[in-house]
Amino acid sequence: MQSILFTTLPFFALVLCGYLAAHRRIVPESAIGGLNAFVLFFALPCLLFRFGMSTPVLELLNPSVLAVYLTAAALVVFFTIAMTLSRRVGMKDAAFGALVAAFPNTGFMGVPLLVALLGPQAAGPVICTILADMMITSSACLALAQTGQRSGQSPLKALLQSLKAAVSNPLPWSIAAGATLGVLQLEVPSPVLSVVNMLANAASPVALFTIGAVLWRSGQAQAAGAAPAQDHRERAMAMAKRAARGESVLVDPDASTMPSVWPLSDVGGAAPPHQIHSAACWARQGAESPKHKRGAMGGPASMPAAS
């Protein structure tokens with residue numbers, strides 16, 4: 001018990017540091033999105049690339065782990081939708097709620113914490129669940145949400161659109177790239193490997209620090225209240241236009257422009273954190289944003305619209 005406490009205490013100490021830094025304005029609120037983007041697009045992909053390179057493929061795609069994990073995720077999604085779907089809560093909101101319930105904060109918290117507790121051998125099963133969440137759980141929930149918008153889109157087309165958007169996420173590509181090099185037993189040039197290691201080593205502390213900063217900002221946003229619905233619509237339509245031009249769309253969930261469904265930019269569930277592909281799918285519909293709701297995950301990573 002004591003060893004577990006001593007292992008986990010530094011993780012939550014870093015979260016507290018991030019919270020206090022944001023609370024005392026040592027880290028300005030405008031910098032939180034940059035911290036999250038650094039983790040999502042640079043540090044975390046390098047960390048997963050390194051794990052993918054050193055982990056056997058059968059551990060990254062373990063059939064037993066995938067079967068158990070996806071079964072559990074399917075049950076969570078089914079019961080969440082069954083319990084929340086009503087005249088007041090449509091399929092779109094119920095599906096987003098199911099994604100919030102089923103999608104854990106694996107990227108920013110799960111990987112470093114479990115590896116610290118159980119050793120490097122824990123990386124394989126954790127990465128396996130990340131792939132399952134990004135490619136299957138999130139795609140299925142987003143497809144259900146899109147079918148609930150009454151746009152006439154078939155479930156199959158919505159699922160294919162979600163899967164197509166999922167491949168724009170940098171995390172599965174980093175895992176695949178590392179696994180490919182591992183299988184082919186190719187060596188990364190020393191200067192490149194040094195850069196990868198430096199960025200990978202920065203992933204855990206910066207991610208945990210950012211979680212704390214986002215928790216503070218979430219409290220500030222809740223205290224201030226939600227933005228007017230007209231602001232939501234205007235920002236959603238602006239993002240829809242950018243997505244239609246093929247640009248990546250990053251969303252600040254604390255501004256209530258979209259539901260909290262960020263699978264791999266997941267400071268709070270990040271998905272998410274999340275992440276990019278769910279925003280692009282959602283924004284392309286040109287729909288009005290629903291009321292701001294923060295689920296059990298605590299909300300995803302904060303990411304302002306990319307310029």
Derivation of the side-chain contact (heavy atoms from CB on, under 4.5 Å) call for Thr8 and Leu113: CA-CA 7 Å; Thr8 57; Leu113 184 58; 3.7 Å; yes
Derivation and outcome, side-chain contact (heavy atoms from CB on, under 4.5 Å), residues Phe108 and Leu44: CA-CA 8 Å; Phe108 276 39; Leu44 188 56; 4.0 Å; yes
As a quick check of understanding, evaluate side-chain contact (heavy atoms from CB on, under 4.5 Å) for Phe96 and Cys141, giving each step before the final call. CA-CA 7 Å; Phe96 281 132; Cys141 290; over 6 Å; no
Residues Asn105, Ile211; criterion side-chain contact (heavy atoms from CB on, under 4.5 Å); working and verdict: CA-CA 10 Å; Asn105 187 1; Ile211 288 176; 4.0 Å; yes
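The two residues Thr84 and Ala94 make their nearest non-hydrogen contact at OG1-CB, 3.5 Å. In this structure, Ala43 and Ala202 approach most closely via the heavy-atom pair CB-C, 4.3 Å. Val89 and Leu85 get closest at one heavy-atom pair: O-CD1, 3.5 Å. Here the closest non-hydrogen pair linking Gly110 and Val126 is C-CG1, 4.4 Å. Cys128 and Val65 make their closest contact through SG-CG1, 4.0 Å (heavy atoms, listed as atom of the first residue, atom of the second, distance). Considering every non-hydrogen atom in both Thr7 and Pro10, the closest pair reads O-CD, 3.3 Å.
Counting only heavy atoms from C-beta outward, the side chains of Phe11 and Pro112 approach each other to under 4.5 Å. Side chains of Phe51 and Leu60 form no contact here, defined as non-hydrogen atoms less than 4.5 Å apart. Using a 4.5 Å heavy-atom threshold, the side chains of Pro125 and Asn62 count as separate. Annotation: side chain of Val15 is not in contact with side chain of Phe209 (no heavy-atom distance under 4.5 Å).
Hydrophobic clustering of Ile, Leu, Val, Met, Phe, Trp and Tyr side chains at less than 4.5 Å, counting indirect connections, unites Leu118 with Leu47. Hydrophobic cluster membership is shared by Leu20 and Val27, with clusters built from Ile, Leu, Val, Met, Phe, Trp and Tyr side chains linked at under 4.5 angstrom. In terms of hydrophobic clustering, with Ile, Leu, Val, Met, Phe, Trp and Tyr side chains grouped at heavy-atom distances under 4.5 Å, Val111 and Phe12 are assigned to a common cluster. Leu131 and Leu66 end up in different hydrophobic clusters when Ile, Leu, Val, Met, Phe, Trp and Tyr side chains are linked at under 4.5 Å. Hydrophobic clustering (ILVMFWY, side-chain heavy atoms < 4.5 Å, transitive): Met83 and Met91 are in distinct clusters.
Expressed to the nearest 0.5 Å, how far CH2 of Trp216 lies from CD of Gln220 amounts to 4.5 Å. Rounded to the nearest 0.5 Å, atoms CZ (Arg50) and OG (Ser174) are 12.5 Å apart. Atoms CG and CD1, on Leu215 and Ile32 in that order, are 10.0 Å from each other to the nearest 0.5 Å. Leu144 contributes atom CG, which lies 5.0 Å from atom CD1 of Ile81 (distance to the nearest 0.5 angstrom). In this structure, Leu35 CG and Thr210 OG1 are separated by 4.5 Å, a value rounded to the nearest 0.5 Å. Distance check: Ile136 CD1 to Leu70 CG gives 4.5 Å after rounding to the nearest 0.5 Å.
Through direct or relayed side-chain contacts under 4.5 Å between Ile, Leu, Val, Met, Phe, Trp and Tyr, Leu181 connects to Phe49, Met53, Leu184, Leu186, Val188, Val192, Leu193, Val196.
No donor-acceptor pair under 3.5 Å is formed between the side chain of Arg24 and the backbone N or O of Ala22. Between the side chain of Thr55 and the main chain of Gly52, no donor-acceptor pair closer than 3.5 Å is present.
The 12-atom threshold is exceeded at CZ of Phe38, counting heavy atoms of other residues, nucleotides or ligands nearer than 6.0 Å.
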